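A short write-up of the structure that comes next.
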2 protein chains.
Amino acid sequence: MSTDTARRLVESMRDLLWERGYTGTSPKAVLQRAGAGQGSMYHHFAGKADLAQSAIVETAQEMRAKADAELSGPAPAVERLTAYLRRERDVLRGCPIGGLTQDAELMADPQLRAPVAETLAWLRGRLAEVLGEAVAAGELAPTLDASAVATTLVATLQGGYVLARAAGSREPFDQAVAGVLGLLLSASEH
Amino acid sequence: MSTDTARRLVESMRDLLWERGYTGTSPKAVLQRAGAGQGSMYHHFAGKADLAQSAIVETAQEMRAKADAELSGPAPAVERLTAYLRRERDVLRGCPIGGLTQDAELMADPQLRAPVAETLAWLRGRLAEVLGEAVAAGELAPTLDASAVATTLVATLQGGYVLARAAGSREPFDQAVAGVLGLLLSASEH
DNA sequence: GTCTATAGATTGATAGAC
DNA sequence: GTCTATCAATCTATAGAC
């Protein structure tokens, strides 16, 4: 069945995009990992960019679905936020979506860039909503700027990945999260 | 004079590393930008990696010198911190050092990775010192964890670059900085 | 010190057999 | 649908003339 080969190609491209980026990933490497020949890829996809687009869209959807599930539970808003921020992550591999912003070739292609931009914009918006709930429930100070703080939280995660990769250790990531949570919670003591 | 050609090669490599990353930068592109032939590069440097190392070390030293100057002035500690965070930056180009952490090929080479790791580690440490001064001067709450918050501040900047590049706008960067400053200053009202 | 010429490998893609 | 063969272009590096 063709569907299986196509799925393996997308899966391999997802792994390699995460590990090596778009510029650093050759069709040849994808085919080897998927155990397929040249013909298979060009039968199912128009080329490298087309396959990469399928891979990025899949990764983006997964990331968004997982975050939405965590942020939409029945627990108090602040508990959902801290659980989301502290959730176990594959820190040293970086963010499979955010990391792509550093690839100039990928960002130059609107089809590849769009799912990256949309996913991070959605996440900022969703966190702003939950922060708004927390303020409304009196869990956080009413003076808090939900939009700005939401962007700060996403930036802390994204930057935490950068610092962890630089250090070769997840410690900076955990420290960055602990730091921003400390500020958020002590700022709420009003 | 050979020194001038070598300098132009390093300068060109610095620009291209910032713009395209290590994997995305070919010696050919560097030579074209520098206006030099193949022979010049292999006369002055052992190869692409060697030239890149000189370029990264130079960029790292500049970044560190500039940050240290801003963080070491006579102004109150919190003022120095806010001035550093709000300083004008070429946001859409990303951080010329932090952005390199996403390049797997570069990070696999200890010679190329070391200056990246050291620069970001130094910055976290220097910000922790200034935060410590602020606490000691009573400008910030004594309960503040200087090391953790320092890492949060660097992560906010690094993640701000990621979000700005994704959005194609500097707005998320400015929002992330405003958010973290809001938390830091309101948390200090003790 | 700088140049051009060249090398062998790899890139992304196409052709055509099966 | 999948394979192998092949393509022109580019990659990083070396050789050798000047």
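Since we're looking at a predicted model, the values are computed, not measured. Quick note on labels: first sequence line is chain A, next is B, and so on, each numbered from 1.
- At C/dT14, none of the side-chain N or O atoms of A/Y42 fall inside 4.0 Å of OP1 or OP2 (strictly under the cut-off).
- When each of C/dA13, D/dT2, C/dT11 is scored by its nearest atom to the side-chain atoms of A/K28, the top-ranked nucleotide is C/dT11.
- Atom CG of A/D4 is separated from atom C1' of D/dT2 by 13 Å (rounded to the nearest Å).
- Side-chain nitrogen and oxygen atoms of B/S26 include none within less than 4.0 Å of the OP1 or OP2 phosphate oxygen of D/dT10.
- Distance from the side chain of B/H43 is smallest to C/dT2 among C/dT2, D/dC3, D/dA13.
- Taking atom CZ on B/R7 and atom P on C/dG1, their separation rounds to 16 Å, with Å as the unit.
- Side-chain proximity of A/H44 to the nucleotides D/dA13, C/dA13, D/dG1 is greatest for D/dG1.
- The phosphate of C/dG1 has neither OP1 nor OP2 within less than 4.0 Å of any side-chain N or O from B/T5.
- Position along DNA chain C of the nearest nucleotide to A/A29 versus B/G35 favours B/G35 as the more 5'-ward residue.
- If you measure from atom CG of B/L51 to atom C1' of D/dT12, you get 13 Å, rounded to the nearest angstrom.
- Proximity of a side-chain donor or acceptor of A/R80 to a complementary backbone N or O of A/A75 within less than 3.5 Å is detected.
- Of the charged side-chain nitrogens involved, none lies within less than 4.0 Å of a carboxylate oxygen, so that B/R64 and B/D68 do not count as a salt-bridged pair.
- Across the protein-nucleic acid pair, B/Q38 atom CD and D/dC18 atom P stand 19 Å apart, rounded to whole Å.
- Between the CG atom of B/L9 and the P atom of C/dT2 there is a distance of 8 Å, given to the nearest Å.
- Within 4.0 Å (heavy atoms only), B/G39 reaches at least one base atom of the nucleic acid.
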Assess whether salt bridge (charged side-chain N to carboxylate O under 4.0 Å, His left out) is satisfied between A/E62 and A/R14, documenting all intermediate values. CA-CA 12 Å; A/E62 260 185 30; A/R14 288 181 61 181; 3.0 Å; yes
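- In terms of modelled atom types and a separation under 3.5 Å, the side chain of A/R8 and the main chain of A/A34 share a donor-acceptor contact.
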